[in-house]
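Written out below as structure tokens is the structure these notes cover.
Numbers for residues simply follow the sequence, beginning at 1. None of the values given here were measured: they were computed from a predicted structure.
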Amino acid sequence: MTTIATRTVAYPADGMTMIGHLALPAGTGRRPAVLVGPEGMGLTDVERRRADALAELGYVALAFDLHGGRVLTDPQDMLDRAMPLLADSGRMRGIGHAALDVLRAEPRSDPDRVAAIGYGTGGAIAVELGRAGTDLRAIATVNALNTGRPGEAARIRCPVWAGVGSEDPIMPAAQRDAFAAEMRAAGVDWRLVVYGGALHAFHHPPVEHATVPGVGHHPEHARRAWRDIVDLLAECLPLEPASAR
């Protein structure tokens, strides 16, 4: 395991001070960079560990914040904050761009080689950055098959990978079909992986607090989804030039 460095970073977004988690790989040179978006309850150690894992692979990674340093463990509190956010593409883009600015300003980041991955609300923000025409090398989203305003998906400039559980009642088949139709109509390079038998947030380890209905951990599919995301990054955001591989 390589030695990484981590630190918290504070930055303004959505009318509050966000507290992100920045993970830096070993070495001193510039590296490809990855935004990591959290589930609707906010930034937790789960996303921090994912950023650390990406830094161990050699990426600069920023796990971004949604709620000004808060984690909303009460399901109703989470829904009251997340649902209006998910209905407002401008706010989602603002949160995403604020974090992206921090990541690109980091001296270890290669600002021209950045990807965005995310889970739930954070995944919706990753896709919304693509719909805004943001220069990204890849987008990966789990449990976040939201659809945008008509025609905006045509602005997406990179491959999009999406993962969802087959038994997810929050992302049912009709929503999967709508997302696929949007990507197809826009001519996006897209992939949708349906993990059989998995519920919503199947990637997230079990929690001790209450959750919304339809949530459940699926450890095998969680590992598979992570490998799929790492493979996407290796394809679209390689850690070394093609000539060196």
Side-chain angles (χ1 to χ4, degrees), residues 34-40 46-47 50 54 61 63-64 66 82 85-87 89 92-93 95-96 99-100 114-204 214-218 220-237:
V34 184
L35 274 181
V36 182
E39 287 278 359
V46 172
E47 293 80 27
R50 287 182 177 134
L54 291 171
F64 64 85
L66 293 177
L85 177 60
L86 289 167
S89 61
M92 284 196 287
R93 293 175 187 185
I95 291 172
L100 186 62
V114 180
I117 72 174
Y119 301 83
T121 302
I125 288 172
V127 179
E128 205 56 49
L129 285 174
R131 293 190 184 104
T134 307
D135 183 14
L136 297 169
R137 294 297 182 92
I139 295 169
T141 178
V142 182
N143 303 323
L145 300 182
N146 65 320
T147 53
R149 291 190 288 261
E152 287 193 337
R155 300 175 184 169
I156 295 174
R157 302 161 63 183
C158 64
V160 174
W161 176 95
V164 66
S166 68
E167 307 310 305
D168 183 346
I170 300 171
M171 300 282 155
Q175 196 157 344
R176 300 199 296 266
D177 291 345
F179 180 83
E182 180 190 22
M183 296 296 111
R184 195 162 49 238
V188 176
D189 178 359
W190 66 282
R191 283 164 271 182
L192 174 61
V193 179
V194 180
Y195 294 94
L199 294 168
H200 191 72
F202 67 87
H203 63 89
H204 199 288
V215 167
H217 182 50
H218 196 300
E220 293 86 359
H221 284 329
R223 289 190 289 270
R224 289 164 180 158
W226 179 250
R227 286 198 300 268
D228 285 345
I229 290 171
V230 170
D231 286 347
L232 176 76
L233 295 175
E235 174 190 336
C236 301
L237 202 66

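- In this structure, the side chain of S166 engages the main chain of G197 through a donor-acceptor pair within 3.5 Å.
- R227 meets the side-chain hydrogen bond (donor to acceptor under 3.5 Å, both in side chains) test with no other residue; sequence neighbours excluded.
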Q.
Show, in sequence, the C-alpha distance, side-chain angles and deciding distance for I156 and M183, and conclude whether the side chain to side chain contact (heavy atoms under 4.5 Å, CB included) test is met.
A. CA-CA 9 Å; I156 295 174; M183 296 296 111; 4.0 Å; yes
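- Aromatic rings of Y119 and H203 (six-membered ring for Trp) have centroids within the 6.0 Å cut-off, being under it.
- Residues R50 and W226 have side chains in contact (heavy-atom distance under 4.5 Å, counting atoms from C-beta outward).
- Here the shortest heavy-atom pairing between H218 and A198 reads CD2-CA, 4.2 Å.
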Side-chain donor-acceptor distances from residues 128-139 under 3.5 Å, at least two apart:
{"residue": "E128", "atom": "OE1", "partner": "R131", "partner atom": "NH1", "Å": "3.0"}
{"residue": "E128", "atom": "OE2", "partner": "R93", "partner atom": "NE", "Å": "3.1"}
{"residue": "E128", "atom": "OE2", "partner": "R93", "partner atom": "NH2", "Å": "2.8"}
{"residue": "R131", "atom": "NE", "partner": "E182", "partner atom": "OE2", "Å": "3.0"}
{"residue": "R131", "atom": "NH2", "partner": "N146", "partner atom": "O", "Å": "2.7"}
{"residue": "R131", "atom": "NH2", "partner": "E182", "partner atom": "OE1", "Å": "3.0"}
{"residue": "T134", "atom": "OG1", "partner": "L129", "partner atom": "O", "Å": "2.8"}
{"residue": "R137", "atom": "NE", "partner": "D112", "partner atom": "O", "Å": "3.3"}
{"residue": "R137", "atom": "NH2", "partner": "D112", "partner atom": "O", "Å": "3.2"}

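- By the 30° and 60° cut-offs, the orientation of the rings of F202 relative to Y195 is tilted.
- Going from atom CG of L199 over to atom NE2 of H221 covers 10.5 Å, rounded to the nearest 0.5 Å.
- In this structure, CD1 in I125 is found 4.5 Å from CZ in F64, a value given to the nearest 0.5 Å.
- Between the CD atom in Q175 and the CD1 atom in I170 there is a gap of 9.5 Å [rounded to 0.5 Å].
- Among all heavy-atom pairs drawn from A124 and L86, the shortest one is CB-CD2, 3.6 Å.
- Checking each of V142, L145, V194 against M171 for a side chain to side chain contact (heavy atoms under 4.5 Å, CB included) leaves exactly one that passes, namely L145.
- What you find for E39 and G120 is that their closest heavy atoms are OE1-CA, 3.5 Å.
- H200 places no side-chain N or O within 3.5 Å of a backbone atom of D168 that could act as its donor or acceptor partner.
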